[in-house]
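Naming: A, B, ... by sequence-line order, numbering from 1 per chain. Note that this is a predicted model, so its numbers are computed, not measured.
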Protein chains: 2
Amino acid sequence: MQKTYEQMIRCHCASANTMALIGGKWKIIILDHLRDGTQHFNELQRSIAGITPHTLSQNLKELVSDGLVSRQDFKTTPPSTAYSLDTLGKELLPILTAITTFGENHPLIK
Amino acid sequence: MQKTYEQMIRCHCASANTMALIGGKWKIIILDHLRDGTQHFNELQRSIAGITPHTLSQNLKELVSDGLVSRQDFKTTPPSTAYSLDTLGKELLPILTAITTFGENHPLIK
DNA sequence: CAGTATCCCGCCAGATACTG
DNA sequence: CAGTATCTGGCGGGATACTG
């Protein structure tokens, strides 16, 4: 979770708890790309146009530490890692679906 | 919508379109408080502990300009305004419900 | 009551380069 | 390939005071 949200979750709104976890700029998009299965770091970076390795790494770390995503390190050379939805992340599927559906129905750019 | 998201929506992920609209730190919470009906500026500020007038005003402006919230000004003295979910905002109800449900099931602070 | 005006700061994120 | 290191900056948001 990002520091920005630490204060917000004291407002005792249930929705705040969720936003604290998925509120990062790219987090929902990352989770969205993990819906269909395991993805490598590199796959994520290429499929999410515009994200830098630095930012992707940062967001993934928080997602992992929050229990939404699990990280598997194959400890090979060259290195290979795999990210997938963890238990908690799978509980987000209804949210992801709702967000994606809305986004499809209301594109901001043609 | 906030400037931060302008670049993000070019990644052609449907979810990005949605996050650009609701991605502000307090936006989901504001929308959540508007679910049950019309709220005055002052009511929102008191029920959302921790938000400043400045930030609330800013977020509401964006929500209105994005068509999620409608603002009614009664032009009285002392001034009175009313905020409620607009058409587009009501389409977010499934998302709001999903987010609130998840947040209830996974509190971050006891 | 419903904001606005100002000032300010902290963090998220971008850019670039580098490494095991 | 999968990141980390370092530097930088912009913008969202906080604090406080003020106004029609």
d(CD, A:Gln72; C1', D:dC1) in whole Å: 16 Å

Short side-chain N/O contact from B:Tyr83 to OP1 or OP2 of C:dG3, under 4.0 Å: yes

Whole angstrom value for the distance that separates C1' of C:dC12 from NZ of A:Lys25: 9 Å

d(CD1, B:Ile48; C1', D:dG14) in whole Å: 16 Å

Closest approach of B:Leu88 to B:Gly67 (non-hydrogen atoms, all atoms of both residues): CB-O, 3.2 Å

Donor + acceptor pair across side chains of B:Arg35, B:Thr97 (<3.5 Å): yes

B:Asp32 and A:Ser15: side chain donor to acceptor below 3.5 Å: yes

Gap between atoms CD and P, on B:Gln7 and D:dG10 respectively (whole Å): 14 Å

Polar contact flag, side-chain donor to acceptor under 3.5 angstrom, B:Thr55-B:Thr52: yes

Distance below 4.0 Å between B:Thr4 side-chain N/O and C:dA13 OP1 or OP2: no

Presence of B:Thr81 side-chain N/O under 4.0 Å of C:dG3 phosphate oxygens OP1/OP2: yes

Nearest-Å distance for atom pair CD/P, residues B:Glu43 and C:dC1: 10 Å

Axis deviation across the helix from C:dC1-D:dG20 to C:dG20-D:dC1, five-pair ends, to the nearest 10°: 60°

Atom-pair distance (CE on B:Met8; P on D:dC11), nearest Å: 15 Å

Side-chain donor-acceptor contact under 3.5 Å, A:His106 with B:Glu91: yes

Side-chain donor or acceptor of A:Thr18 paired with backbone N/O of B:Gly103 under 3.5 Å: yes

Touch class at under 4.0 angstrom, heavy-atom based, for A:Gln45 against every strand present: nothing

Near-strand residues of residues 53-66 of chain A, defined as heavy-atom separation under 4.0 angstrom from DNA chain C: A:His54, A:Thr55, A:Asn59

Touch class at under 4.0 angstrom, heavy-atom based, for B:Arg71 against every strand present: sugar-phosphate

First of A:Pro79 and B:Lys3 reached from the 5' end of DNA chain D, by closest nucleotide: A:Pro79

Protein-nucleotide distance (A:Gln39, atom CD; D:dA2, atom C1'), rounded to Å: 15 Å

